[in-house]
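I have placed the structure first, in the form of structure tokens, so that the comments after it can refer back to it.
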Amino acid sequence: MNNRILRTIVPGTIIGIALGIGIYTFVYARGGSYLVNDPASCANCHIMRDQYDGWVKSSHHNVATCNDCHTPSGFIAQYATKASNGFWHSYAFTTGDFHEPIRIKSGNLAVTDNACRKCHLDLIEGIEGGHAKGSETVSCLRCHRSVGHMH
Amino acid sequence: INIFERQQEGKNPFYRVVDLTDEIDDPEVWGKNFPLQYDDYKRTVDQVRTRYGGSEALPRTPTSADPRNVVSQSKIEEDERLKIMWAGYAFSKDFREERGHAFMLEDQTLTERQQVVQQPGTCMHCHASVYLPYKKLGNGDLVKGFEVMNQMPYFEARKKVSHPVACIDCHDPATMQLRITRPGFIEGMQAFKASQGVASYDVNKMATRQEMRSFVCGQCHVEYYFKGPEKRLVYPWSKGLKVEDILAYYDEIKFKDWTHKDTGAPALKAQHPEFEMWNQGIHARSGVSCADCHMPYKRQGALKISDHHVRSPLLNINRSCQTCHKWPEEELRARVETIQERNFKLRNLAMDALMDLISDLKRAREAGRTDGELATAQDFQRKAQFYLDFVEAENSTGMHAPQEAARILGESIDFSRKGQNALR
Amino acid sequence: INIFERQQEGKNPFYRVVDLTDEIDDPEVWGKNFPLQYDDYKRTVDQVRTRYGGSEALPRTPTSADPRNVVSQSKIEEDERLKIMWAGYAFSKDFREERGHAFMLEDQTLTERQQVVQQPGTCMHCHASVYLPYKKLGNGDLVKGFEVMNQMPYFEARKKVSHPVACIDCHDPATMQLRITRPGFIEGMQAFKASQGVASYDVNKMATRQEMRSFVCGQCHVEYYFKGPEKRLVYPWSKGLKVEDILAYYDEIKFKDWTHKDTGAPALKAQHPEFEMWNQGIHARSGVSCADCHMPYKRQGALKISDHHVRSPLLNINRSCQTCHKWPEEELRARVETIQERNFKLRNLAMDALMDLISDLKRAREAGRTDGELATAQDFQRKAQFYLDFVEAENSTGMHAPQEAARILGESIDFSRKGQNALR
Ligand SMILES: [Ca+2]
Ligand SMILES: [Ca+2]
């Protein structure tokens, strides 16, 4: 076999296996939890247990669920995020190949930072600089990292 | 009605009552558009003391020369050793605890140091709203205006300004974005960035918003000197921001602030290097800006705004510290005071060491030893004193960078004591 | 498969294979019930170096006197000034970087210091699993057994023990709860608490679980001395845990470890005061225990266990630090190294200052000045050396309490240089 075929087959096989495992987990470990809105379902993965426990005691547990902060607004964007996270987290969970403690990645962090604005836009209009069009926004999480769940 | 008002506020945070332009520097006018910020800004007249900071309002009988009926406590009376450290220099005449921004112009005008030395217009850079005056003097060119004012005698320049630091000095009137208006800082940062390999750094174009939340303060809360006969204000950062970098710079250009009266040492006076010291600390490293602690957000009605009552964070711990540190207020105060007390004790040891060196040097001089023979010891005094003063003049009593401040004091002690040894 | 395993694990934390009692000290037996902890425990044989910590595995040719074929780097060869500081004391013969718990017994037995001095059985307190041996020697009474072993010669006591620190030394076999088994710590804490107004403190009854997560380490990682002819192990805490409190205690009882060979100073050797130093730091103040950083939780399937591979946190930053600090690993390492480097530089200045004092003292002595005339300078050496060693011997290179360590070094410099002045 020459290199070119190898380069196609090997990743292909890996993706195939990964898909298989991912889907297996998605079903068995209730990765589909991602698709519903009940925070308890996120804790189906014992790996999300800390965040769940933290959320229960947080200032937000009466007002915001996991998905309020961890999915963007808009139906398509929301389900795209859920599906993508649902799949990759299932995959990571199964293979055990992820950084511990779990660290939010920059894409999801941006989603969450924006989620704050869904609810608090009125309050922060002043500091966001109503007049400062195009300037950088404030990162809420710089000061409020622990509102969703103490880490 | 109340609720309705608040909802309105929320949607439309700023009532545009006046059209602000780059020609309006009176904060009262800006205050028409931003009454919340303006109200807080005016409160910098408050004087409240903390263990090591804030300031104390001491009553005083006004005279025609100095009409102030309140001043803050004198540091050279609180610690007489300061007079010995600064013997022969204006600071040994009058040096007080600094207080709120509202006082900056009158405190500068009326300090007794003005009676001892003829000061240049350069002083104004950090004690008045100079943006518009500079532009006027320079016919629209900020830097040119700066150069012109630098070369005026102080009291002539004094007539060109009318406000302490004002909105226009930190904000662009059109967008309210932060901006840097001080040539000293623009040039200082350029030199500093160049030392790190960044060519032609333009702070107003290249700094992030978060950086600007510290840079606007770094316009004034820094170590400086007046360069050459043009009395140009220079921030000595071209080798770096650490105390040894700054001393190396002064040594290279053979700069001295004055000659110590009792010892003949070519002495330096360090002045409020808050920005430099903060830079060495864990907060700066974690992206925490001056404004985060000294102008924390506060809620006013339905709006969240930056508290323009710039002051000691210890007078506002819940907003300044507790968003990030979930400890009780009393615990946070105790943490700061533990750091400050440790710093203050070591500072006192360093001060004693310096006093010992100065008195040894003085005695050696009286015994007829020449400046040539004393040069090494005098250089140790220069070093010891600059290091000590770098921490002493830094107004956080160690808080901005606790380990670094202690390290500097430790080295200062070493210099003083080595100076004594050099006299054997 | 994996998931099934994990869900199962989640439900069933441990299998009780053997019945553990207070008479079983072999960790291998405990390991049958707790294989995960045992596996990690055994890994303390690993040797990996960090910038300032960990340890280096240096090959060595075994001899009949010392069969080790690997040792860690010699500190007195890395910095020869240590030999001068300890002149006339066993540490100037052999002193190495410490390594993992697995080595504690053999490293103690085989250090060349054993060839220089006759050591007492007291040494065993911190280098072996002594809980059961103490109980046996004391007929069930731990403290009595401790007293008996203290008075044996080292190599006699050596025969009574067989393991390095083991499960039984930190855990109650019935409940696996943490417990304190070391008389030195029990008595030391009692004295310390008494100084704070707490009478008859009983650590095993009164400490919280979180405190225990540091106290088990405080059993050994502390400053100590051997008291009187009974060679009782004492932690010198009855005036407090700070360096000045401990020195005041030694001064009061006129204790010295040895007389400095070159100078005649009544010298002290500080030893691994990790517990005392940690107590002065911001982490202790925030309730962060030794185990949080040196035995962080790790996930083993669904189980969270404490990593019994006790080692430098810099070899395990993600688990040790990132639970609390959301910075990237490289940034955290850089923060630690910034602190350590600053500490190390100041430590070097303090070391130079001490060398200057020692050489001045030595010269003065050679010139025939009497101990009476030199007493003040000798006392300064005692102080300077103890302060410096307190930071030097503290194995975190400043990390456990950065500002406090710098403060102590600053004072050490002052003592050394004042000692020089006293010789004029
Ligand atoms: Ca003040
Ligand atoms: Ca080590």
Side-chain angles (χ1 to χ4, degrees), chain A residues 50-64 68-69 73 99 101-151, chain B residues 3 6-16 19-20 30 33-37 40 171-179 204-213 283 286-289 291-293 295-308 319-326:
Chain A
D50 282 350
Q51 284 76 18
Y52 180 75
D53 291 346
W55 171 79
V56 169
K57 296 182 214 112
S58 78
S59 60
H60 279 73
H61 83 279
N62 281 326
V63 295
D68 287 326
C69 292
S73 50
H99 184 281
I102 296 172
R103 307 299 306 282
I104 198 159
K105 295 184 188 66
S106 59
N108 283 322
L109 196 64
V111 166
T112 303
D113 215 302
N114 276 324
C116 312
R117 294 170 167 79
K118 285 193 289 201
C119 300
H120 296 293
L121 194 59
D122 283 358
L123 184 72
I124 58 161
E125 228 170 354
I127 61 169
E128 285 272 66
H131 293 249
K133 295 263 152 36
S135 77
E136 298 157 75
T137 55
V138 183
S139 160
C140 311
L141 305 181
R142 207 160 57 73
C143 298
H144 297 295
R145 279 205 119 123
S146 54
V147 288
H149 33 80
M150 285 301 253
H151 39 256
Chain B
I3 300 163
R6 294 198 171 181
Q7 283 184 341
Q8 287 312 315
E9 273 175 12
K11 298 226 171 68
N12 195 358
F14 309 122
Y15 298 100
R16 214 183 173 117
D19 264 330
L20 293 174
W30 289 56
N33 282 1
F34 307 103
L36 302 174
Q37 284 83 0
D40 289 334
H171 291 286
D172 180 323
T175 62
M176 288 309 286
Q177 266 188 307
L178 293 179
R179 65 169 174 190
N204 274 315
K205 294 212 180 95
M206 292 152 91
T208 64
R209 174 172 175 186
Q210 182 59 10
E211 284 174 331
M212 287 300 262
R213 290 167 55 86
H283 281 105
S286 305
V288 184
S289 69
D292 288 345
C293 296
M295 300 181 64
Y297 290 125
K298 63 185 272 194
R299 186 181 180 141
Q300 196 94 5
L303 269 188
K304 206 171 143 176
I305 59 166
S306 300
D307 189 345
H308 280 63
R319 295 199 179 91
S320 287
C321 320
Q322 285 183 325
T323 17
C324 296
H325 299 288
K326 309 279 169 194

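This is a predicted model, so every value here is computed, not measured. Chain letters run A, B, ... following the sequence lines, proteins first and then strands; every chain starts at 1.
Contacts of B/D292 with chain A are made by side-chain atoms alone, with heavy-atom separations under 4.5 Å and no backbone atom involved. In this structure, chain B has no heavy atom under 4.5 Å from any part of A/V147. Looking at B/S286, there are no atoms closer than 4.5 Å to chain A (heavy atoms on both sides), in backbone or side chain.
The shortest non-hydrogen separation linking B/I305 to A/I127 is CA-CG2, 4.0 Å. Scanning both residues, A/H144 and B/T323, for their nearest heavy atoms gives CE1-CG2, 3.7 Å.
The distance from the CD1 atom of A/I124 to the NZ atom of B/K304 is 7.5 Å, given to the nearest 0.5 Å. The CG atom of A/L123 sits 7.0 Å away from the CG atom of B/L303 when rounded to the nearest 0.5 Å. Separating the CZ atom in B/R209 from the OG atom in A/S139 is a distance of 10.5 Å, to the nearest 0.5 Å. The SG atom of B/C324 lies 7.5 Å from the CZ atom of A/R142; values are rounded to the nearest 0.5 Å.
For NZ of A/K105, the number of neighbouring non-hydrogen atoms (other residues, nucleotides, ligands) closer than 6.0 Å is 12 at most.
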